[in-house]
Amino acid sequence: MTSPNPVPNVPLNDGNTVPQLGFGVWQVPDDESYTAVTSALTVGYRSIDTAAIYGNEVGTGRAIRHSGIAREELFVTTKLWNGAAETWTRESVLREFDASLDRLGLDYLDLYLIHWPRAMREDYVAIWRAFAELEESGRAKSVGVSNFQLAQLQRLIDETGVVPAINQVEVHPDFAQPELRAFHAEHGIVTEAWSPLGQGRGLLDDPVLSRIALKHGRSAAQVTLRWHLQVGNVVIPKSVTPYRIRQNFEVFDFELDADDLVAIAGLDAGNRLGPDPDEFDMG
């Protein structure tokens with residue numbers, strides 16, 4: 001008898017749900033994405049996160065289609081690379097959406113995200129109106145954004161009345177984004193963390209995480225993912241190593257205590273690793 005999947009589903013503000021732990025394929029070449037996604041699905045991941053700019057929608061989609069898992073049991077996310085055009089119209093957004101669906105070989109998406117706000121161009125409101133149309137049509141079950149800041153989220157809400165279901169942003173213990181996460185909570189927006197383990201830039205060597213990991217008989221990565229889950233983030237770790245893919249999934253049979261959470265909260269130094277969304281214009 002198959003064990004029930006341990007990953008909880010987080011409710012979205014549109015009535016849908018998203019698995020709290022998913023699998024990301026950022027920086028995974030297309031010819032490796034099939035194997036990586038297949039490994040993840042075999043372990044038990046049911047949420048897969050890709051993007052047009054990653055260049056691996058074809059391999060990712062092939063793994064999804066060949067998995068033998070019913071489509072309705074999966075949650076598939078991709079993102080509009082809105083640096084692909086100087087100006088965006090309804091038609092160009094719909095065309096890019098169709099292109100992603102075609103590469104994935106799917107009939108619909110569970111989540112479609114605007115990849116970056118391109119704050120200097122301020123074209124994200126027009127894009128968002130087209131996203132709302134995609135949601136209304138059912139071709140994208142949920143719509144959201146990625147890398148949006150407070151002011152940009154507020155503008156979307158004020159000018160369209162459509163609240164993003166998810167904002168996928170950089171979050172990890174060294175960059176916990178408490179103000180943004182509080183805004184999300186106030187408006188019913190789910191925080192989804194990219195680079196949740198700090199991109200391999202030393203976070204997992206921190207002595208605080210090492211001490212907590214030793215205490216629980218876990219790795220620092222498992223402790224960090226467990227922290228994300230307990231503070232309410234949706235998380236999408238990435239790996240191409242089968243052992244790490246499985247280890248990152250094995251975070252539901254232990255719990256951090258109050259002292260652990262306080263200690264990890266003390267690691268937040270506001271160290272952003274990725275681009276600043278207010279300055280990044282996607283080239």
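Keep in mind that this is a model prediction, so the values were computed, not measured.
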Just how far is it from atom [atom1] of [X] to atom [atom2] of [Y], taken to the nearest 0.5 Å?
X      : Y      : atom1 : atom2 : result
Met282 : Asn82  : CE    : CG    : 4.0 Å
Leu94  : Leu101 : CG    : CG    : 11.0 Å
Trp81  : His115 : CH2   : NE2   : 5.5 Å
Leu134 : Leu109 : CG    : CG    : 9.0 Å
Gln222 : Gln247 : CD    : CD    : 4.0 Å
Ile189 : Leu12  : CD1   : CG    : 11.5 Å

Do you know which two heavy atoms are closest between [X] and [Y], and how far apart they sit?
X      : Y      : answer
Trp194 : Glu170 : NE1-N, 3.2 Å
Val7   : Pro19  : CG1-CB, 4.0 Å
Trp128 : Val162 : NE1-O, 3.0 Å
Ser210 : Leu204 : OG-O, 4.2 Å
Gly55  : Asp30  : O-CB, 3.2 Å
Pro164 : Leu156 : CG-CD1, 4.1 Å

Non-hydrogen side-chain atoms of [X] and [Y] separated by less than 4.5 Å:
X      : Y      : value
Phe75  : Asn9   : no
Thr224 : Pro173 : yes
Leu111 : Ile166 : yes
Gln199 : His172 : no
Leu41  : Leu74  : yes
Ile245 : Phe23  : yes
Thr77  : Val18  : no
Thr87  : Asp123 : no

Parallel, tilted or perpendicular: ring planes of Phe254 versus His216, cut at 30 and 60 degrees: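 Rings of Phe254 and His216: tilted, as their planes differ by 30° to 60°.
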
Parallel, tilted or perpendicular: which describes the rings of Phe252 and Phe249, with under 30° parallel and over 60° perpendicular?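 Phe252 and Phe249: perpendicular rings.
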
Electrostatic pair Asp260-Lys215, nearest N-O below 4.0 angstrom: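 Yes, charged N to carboxylate O under 4.0 Å.
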
NZ/NE/NH1/NH2 to OD/OE distance under 4.0 Å, Asp49 and Lys238: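 So Asp49 does not pair with Lys238 through a salt bridge.
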
Mark yes when over 12 heavy atoms from residues, nucleotides or ligands other than [X] sit less than 6.0 Å from its [atom1]; otherwise mark no.
X      : atom1 : value
Glu91  : CD    : yes
Asp107 : CG    : no
Arg244 : CZ    : no

Same cluster or not: are [X] and [Y] linked, directly or through other Ile, Leu, Val, Met, Phe, Trp or Tyr residues, by side-chain heavy atoms under 4.5 angstrom apart?
X      : Y      : answer
Phe280 : Leu153 : yes
Ile48  : Leu104 : yes
Val58  : Tyr108 : no
Val190 : Val145 : no
Ile212 : Leu261 : yes

Judged by atom type as modelled, is there a donor-acceptor pair below 3.5 Å linking the side chain of [X] to the main-chain atoms of [Y]?
X      : Y      : value
Arg218 : Glu250 : yes
Ser239 : Thr241 : yes
Ser100 : Phe97  : no
Asn147 : Pro117 : no
Gln230 : Leu256 : yes
Arg226 : Val251 : yes
Asn56  : Trp26  : no

Qualifying residues under side chain to side chain donor-acceptor pair (under 3.5 Å), relative to Glu159, sequence neighbours excluded: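 Per chain and number, Glu159 pairs via side chain to side chain donor-acceptor pair (under 3.5 Å) with Arg155.
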
Tyr54: side chain to side chain donor-acceptor pair (under 3.5 Å) partners, not counting sequence neighbours: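 For Tyr54, the residues satisfying side chain to side chain donor-acceptor pair (under 3.5 Å) (neighbours in sequence not counted) are Lys79.
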
Run Arg65 and Leu106 through side chain to side chain contact (heavy atoms under 4.5 Å, CB included) and show every step you take. CA-CA 8 Å; Arg65 298 193 311 276; Leu106 300 177; 4.3 Å; yes

Would Thr50 and Glu57 satisfy side-chain hydrogen bond (donor to acceptor under 3.5 Å, both in side chains), going step by step from the backbone distance to the final call? CA-CA 7 Å; Thr50 184; Glu57 289 176 315; 5.3 Å; no

Residues Tyr112, Ile114; criterion side chain to side chain contact (heavy atoms under 4.5 Å, CB included); working and verdict: CA-CA 7 Å; Tyr112 197 40; Ile114 303 177; over 6 Å; no

If we check salt bridge (Lys or Arg N to Asp or Glu O under 4.0 Å) with Asp110, which of these qualifies: Lys141, Arg71, Arg46?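 Among the candidates, only Arg71 passes.
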
Full working for side chain to side chain contact (heavy atoms under 4.5 Å, CB included) between Arg118 and Trp88: CA-CA 12 Å; Arg118 296 212 303 177; Trp88 286 91; 3.7 Å; yes

Under the side chain to side chain contact (heavy atoms under 4.5 Å, CB included) criterion, do Arg181 and Val169 qualify, and how do the steps go? CA-CA 10 Å; Arg181 285 168 45 222; Val169 293; over 6 Å; no

So among Gln177, His228, Gln20, which one has a side-chain hydrogen bond (donor to acceptor under 3.5 Å, both in side chains) with Asn233?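 With Asn233 as partner, side-chain hydrogen bond (donor to acceptor under 3.5 Å, both in side chains) holds for just one option, His228.
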
side-chain hydrogen bond (donor to acceptor under 3.5 Å, both in side chains) between Asp278 and Gln152, intermediate numbers included: CA-CA 9 Å; Asp278 284 329; Gln152 296 146 9; 2.9 Å; yes

